[in-house]
Amino acid sequence: PSGRIHMGHVRNYTMGDVIARYRRMQGHEVLHPMGWDAFGMPAENAAMERKVHPGEWTRANIDAMRGQLKRLGFALDWSREFATCDPKYYGQEQALFLDLFEAGLVYRKESEVNWDPVDMTVLANEQVIDGKGWRSGAPVERRKLSQWFLKITDFAEELLDGLTTLDDWPEKVRLMQENWIGKSRGLQFRFELAESAGAIRQVEVFTTRPDTIFGASFVAVAPDHPIAAAAAAQDTKAAAFIAECQRGGTSLAEIEAQEKKGYRTSIDVVHPLDGEWRLPVYIANFVLMDYGTGAIFGVPGHDQRDFEFASKYGLPIPRVVAAGVDLATKPIGEEAEKAPGVAVNSSFLDGMTTEQAAAEVIRRAEQAGWGKGTVQYRLRDWGVSRQRYWGTPIPIIHCAKCGPVAVPRDQLPVVLPDDIDFENPGNPLDRHPTWKQLACPKCGGAATRETDTLDTFVDSSWYFIRFASQPADAPFDRAEAEAWLPVAQYIGGVEHAILHLLYARFWTRALQRLGKVSMTEPFQGLFTQGMVTHETYRAGDGSWLSPDEVRRDGDDWVHIESGRPVTPGRIEKMSKSRRNTVDPEPILAKYGADAVRWFMLSDSPPERDLEWSEAGIEGASRFVQRVWRLASSGEDGTGQDAELERKLHRAIAAVGEAIDGLQFNKAVAQLYELVSAIEKAKLSASRAKAVRTLILLIAPMAPHLAEECWALLGAKAMIAEAPWPAFDAALLVDDRVTLAVQVNGKLRDTLTAPRGLDRAAAEALALASDKVQRQLGGAAPRKVIVVPDRLVNIVA
RNA sequence: GCGGACGUGGCGGAACGGUAGACGCUGGGGACUUAAAAUCCUCUUCCCGAACAAGGGAGUGCGGGUUCAAAUCCCGCCGUCCGCACCA
């Protein structure tokens with residue numbers, strides 16, 4: 001709850017509202033809820049800037065936004081509204097967290113974070129700008145903190161498999177999740193150290209290319225690998241290298257930008273397939289401790305990163321894969337050759353394909369016991385600790401004697417203290433004089449509360465269950481929740497494709513594993529809507545100008561106030577930084593909710609971006625007026641208008657089909673056509689019926705207009721309660737059809753013919769056309785293709 | 001680098017392999033009006049046809065292919081956008 005809705009909200013919720021209202025008219029039971037993802041940093045930042053309590057700020061925003069949503073006429077079940085910052089919600093979340101904790105799905109681990117030494121807080125990667133804290137400007141440090149993790153990796157395979165069941169999800173999102181989980185198969189194996197380093201005798205590595213094992217020319221370990229520590233213990237230069245690697249932020253972009261560097265330790269390892277063969281061990285800044293085993297063996301000939309490393313440090317670059325055995329002696333050129341081929345220079349593997357060789361190496365490794373075929377995932381466990389005040393307190397107590405202890409259930413919720421200050425840097429919970437002090441529930445000794453709060457993604461990982469069922473004394477009632485769930489249709493931006501949607505899927509599966517729910521997937525249908533965009537404008541000095549500060553002057557744009565020229569820029573997502581936002585509030589005041597809703601649904605397909613335009617909203621407003629004029633004219637008539645009735649029934653069918661497929665822009669186009677047809681039709685009973693039906697058809701999209709017209713037309717009940725109109729399939733077809741007549745596939749004529757004309761008759765009719773005869777020039781056609789009631793193609 | 005999507009008039013976009021450009025916006029012309037706004041009618045892919053019309057040609061990023069018929073299917077390019085990225 002930022003305080004004001006933006007056009008993206010309007011578009012998102014308008015789509016959902018159309019579906020909710022449409023399904024309801026069709027007789028479905030519909031649950032269409034709304035609530036507030038209310039914890040998080042914006043509230044804390046506001047608290048620091050404006051000296052208000054985050055809760056106060058949040059509740060005021062919620063009130064303002066609720067009012068705006070109501071003005072838009074969304075058919076929401078406000079009786080189920082809640083905010084995640086309410087202890088009634090986060091207390092139940094704490095209960096679920098403890099369920100996971102007790103099931104062994106939560107653990108504590110040292111982990112590196114971006115630490116702002118001035119604000120004394122952890123920064124998200126996005127808050128580290130050029131290696132400096134976004135608020136303090138201080139150089140960011142990497143710091144190890146003990147943090148809570150959820151074992152999402154336990155579910156990696158399930159989460160991957162489950163994607164195949166999500167038929168009503170965009171392919172793109174499933175792919176993104178698949179890549180994020182990042183499954184790869186390979187060989188995990190050990191190198192024996194030539195001489196043990198401290199207590200360490202082996203180094204474990206993982207590879208997806210076991211077939212290249214004879215191409216190894218070095219082994220590299222992460223700077224935080226135990227071997228690196230062992231080397232550093234006896235070698236100050238190694239220690240210095242490790243320290244250098246650990247300076248700077250942890251953000252991926254920063255790591256990416258770093259030069260690949262290595263340090264040659266005094267350690268060597270023995271090749272598992274040749275006891276005489278020694279490989280040097282490096283500490284390398286590009287090896288990641290938390291992927292695979294934190295150590296690799298380098299094959300420079302067939303991996304580009306290894307190639308660069310080997311080139312830099314003068315290591316051999318042997319060829320062990322070639323397009324053919326006869327190319328075995330050809331040296332590796334300017335870059336590594338990644339493509340599969342045939343194993344060469346590889347002892348017993350020579351001549352095998354990449355695939356065969358890999359299988360053979362795994363077989364031998366398993367047989368001899370120095371390695372085994374394994375699967376690795378890119379997915380990491382989910383770190384949920386945040387050193388922040390405005391979040392769900394993690395319901396754990398730290399006792400020197402008993403370790404981390406769950407808060408007893410009867411002491412939930414662990415409520416955030418209100419008397420906090422943001423005057424000083426750091427986490428106010430941690431600084432609070434009394435909040436964290438308490439007795440250990442196990443031993444009664446002095447203990448302290450966990451002062452970290454949960455990532456707000458935890459709050460959004462189960463809210464849909466709480467919408468379906470919200471008892472006072474439990475997170476949810478299973479039967480009640482399952483009556484509604486899984487969510488039939490979820491609508492959101494593609495920015496949630498990975499994190500939120502993956503976390504919610506994980507949370508649901510975790511609850512299922514604990515026997516709390518039977519569903520495996522939370523969201524059956526997913527739709528990712530496009531953004532609302534607007535042109536951007538810049539003044540001569542490069543500063544951004546908002547749309548209401550500029551005006552069009554012929555082909556140019558000028559700054560209204562100064563009259564100076566303005567450069568229009570790209571059409572981009574509405575954002576405060578580009579100043580190209582359009583506030584829905586004044587638009588609503590000027591045009592009304594229905595025009596805004598109508599515009600949101602018109603023109604652009606919902607999955608694509610929608611460019612906000614004054615002309616567009618004007619057009620939508622005109623449509624609202626047109627419908628109103630039709631309904632309020634008081635015109636009535638007698639007699640049938642068969643043609644209008646056919647059009648009407650076709651429109652009913654087409655609008656329904658379009659909404660079913662979430663193709664709102666097509667539904668809108670159909671309704672425009674219907675309105676035009678009604679306007680042009682002479683007065684008749686059919687026309688009066690068509691107006692009534694039109695109102696029903698627009699009701700999900702323009703509910704205020706529809707209700708008003710409905711009442712005007714004499715209805716006693718609300719149109720929201722009326723049934724969706726049915727269509728007569730017999731009226732969908734005309735008894736006369738237009739036949740396209742082609743010669744050699746090119747359109748030459750169109751003919752009107754009775755429906756159901758047989759092939760011979762259609763052919764004869766087509767051949768009788770002057771235009772066809774002119775094209776044929778007297779020659780007989782070689783072939784004639786007839787598609788009944790559609791077209792005749794004459795091949796000359 | 002890897003993965004994906006998209007490319008159609010002045011613009012947003014329609015089009016079960018079968019009449020490309022529905023519908024909307026913009027723009028032109030006209031009606032109504034003293035005038036304007038609103039509204040209504042009408043035209044609006046490009047080129048040739050001096051103008052009207054008949055008529056003809058080209059055309060869905062580019063180049064090929066399959067087919068009686070391709071915006072749509074296949075192959076190869078080009079461009080734009082998005083996601084991921086030292087993942088071993």
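Predicted, not measured: the structure shown is a model, and the values here were computed from it. Chain letters run A, B, ... following the sequence lines, proteins first, then strands; residues in each count from 1.
A:Thr750 comes within contact range of at least one nucleobase, with a heavy-atom separation under 4.0 Å. A:Val787 comes within 4.0 angstrom of a nucleotide base, judged by non-hydrogen atoms across all strands. No engagement by A:Val205 is indicated, since no non-hydrogen atom pair under 4.0 Å with the nucleic acid exists. The residue A:Gln742 sits close to a base: some heavy atom pair falls under 4.0 Å. Among the protein residues, A:Arg380 comes within range of the nucleic acid bases, having at least one heavy atom under 4.0 Å from a base atom.
Side-chain N/O atoms of A:Thr293 include none lying less than 4.0 angstrom from OP1 or OP2 on B:A88. Contact annotation: A:Asn665 side-chain N/O to B:A14 OP1/OP2 distance is under 4.0 Å. Close to B:A58, at under 4.0 Å from its OP1 or OP2, lies a side-chain N or O of A:Lys746. OP1 or OP2 of B:G55 has at least one side-chain nitrogen or oxygen of A:Lys771 nearer than 4.0 Å. Applying the 4.0 Å criterion to OP1 and OP2 of B:A88, one finds that A:Tyr291 has a side-chain N or O inside that range. For the OP1/OP2 pair of B:C25 and a distance below 4.0 Å, the side-chain nitrogens and oxygens of A:Arg622 include at least one atom meeting the criterion. A:Arg608 has a side-chain polar atom (N or O) that falls below the 4.0 Å cut-off from OP1 or OP2 of B:G13. A:Arg748 has a side-chain polar atom (N or O) that falls below the 4.0 Å cut-off from OP1 or OP2 of B:G57. For A:Lys783, no side-chain nitrogen or oxygen approaches OP1 or OP2 of B:A69 to under 4.0 Å.
With RNA chain B read from its 5' end, the first of the two nearest nucleotides for A:Tyr377 and A:Thr738 is the one closest to A:Thr738. When each of A:Asn744 and A:Leu175 is assigned the nucleotide of RNA chain B with its nearest heavy atom, A:Leu175 is the one assigned upstream, toward the 5' end.
Helical stems in RNA chain B, defined as runs of 3 or more consecutive Watson-Crick or G-U wobble pairs with donor-acceptor distances under 3.5 Å: B:1-7 with B:78-84, B:10-12 with B:23-25, B:27-31 with B:39-43, B:45-48 with B:55-58, B:61-65 with B:73-77.
Checked by atom type, the side-chain pair A:Ser769/A:Asp749 shows a donor-acceptor distance below 3.5 Å. For A:Thr153 and A:Asp381, the side-chain atoms include at least one donor-acceptor pair closer than 3.5 Å. Using a 3.5 Å distance cut-off with no hydrogens or angles, the side chains of A:Arg608 and A:Thr533 do not pair a donor with an acceptor.
In the interface, the side chain of A:Arg378 is not paired with the base of B:C84 through any donor and acceptor atom under 3.5 Å apart. Between the side chain of A:Arg305 and the base of B:A88, at least one donor-acceptor pair of N or O atoms lies under 3.5 Å.
If you measure from atom NZ of A:Lys666 to atom C1' of B:G12, you get 15 Å, rounded to the nearest angstrom. The nearest whole Å value for the distance from the CH2 atom in A:Trp169 to the P atom in B:G4 is 19 Å. As rounded to whole Å, 17 Å separates atom P of B:C86 from atom CZ of A:Phe218. Remark: C1' of B:U80 and CG of A:Asp609 are 13 Å apart, rounded to the nearest angstrom. Straight-line distance from the CG atom of A:Asn793 to the C1' atom of B:C68: 5 Å, rounded to whole Å. Separating the CD1 atom of A:Ile283 from the C1' atom of B:C86 is a distance of 17 Å, rounded to the nearest angstrom. For the pair A:Lys338 NZ and B:G1 P, the interatomic distance rounds to 9 Å; values are reported in whole Å. In this entry the distance linking CG of A:Leu791 with C1' of B:U19 reads 8 Å, nearest Å.
Across the C1' atoms, B:C32 and B:G18 are found 45 Å apart, a figure rounded to whole Å. B:G21 sits 24 Å from B:G27 when the P atoms are compared, rounded to a whole Å. Atom name C1', nucleotides B:C73 and B:A22: the rounded distance is 24 Å, in whole Å. B:U34 sits 48 Å from B:A15 when the C1' atoms are compared, rounded to a whole Å. Nucleotides B:G79 and B:G63 have their P atoms positioned 16 Å apart, rounded to a whole Å. A distance of about 13 Å separates the P atoms of B:C16 and B:U72, rounded to the whole Å. For the P atoms, the distance linking B:A37 with B:A31 amounts to 14 Å, nearest Å. Annotation: B:G12 and B:C77 have their P atoms spaced 28 Å apart (nearest Å).
B:G9 takes the syn form, because its glycosidic angle lies no more than 90° either side of 0.
A:Phe599 and A:Tyr591 have their aromatic ring centers separated by at least 6.0 angstrom.
Using a distance-only test at 3.5 Å, with no hydrogens or angles considered, no donor-acceptor pair links the side chain of A:Arg782 to the main chain of A:Val795.
The minimum heavy-atom distance between A:Pro318 and A:Ile332, with the atom names listed, is O-CG1, 4.2 Å. Smallest separation of non-hydrogen atoms from A:Leu163 and A:Leu159: CG-O, 3.3 Å. A pairwise comparison of heavy atoms in A:Arg378 and A:Tyr291 identifies CA-CE1, 3.8 Å as the closest pair.
A salt bridge does not link A:Lys647 to A:Glu673: none of the charged nitrogens lies less than 4.0 Å from a carboxylate oxygen.
The closest side-chain heavy-atom distance from A:Gln775 to A:Lys746 is not below 4.5 Å.
Taking the side chain of A:Ala740 as heavy atoms from C-beta on, and the options B:U19, B:C23, B:C40, the nearest nucleotide is B:U19. Each of B:A14, B:C87, B:C23 was ranked by its minimum atom distance to the side chain of A:Pro605; first place goes to B:A14.
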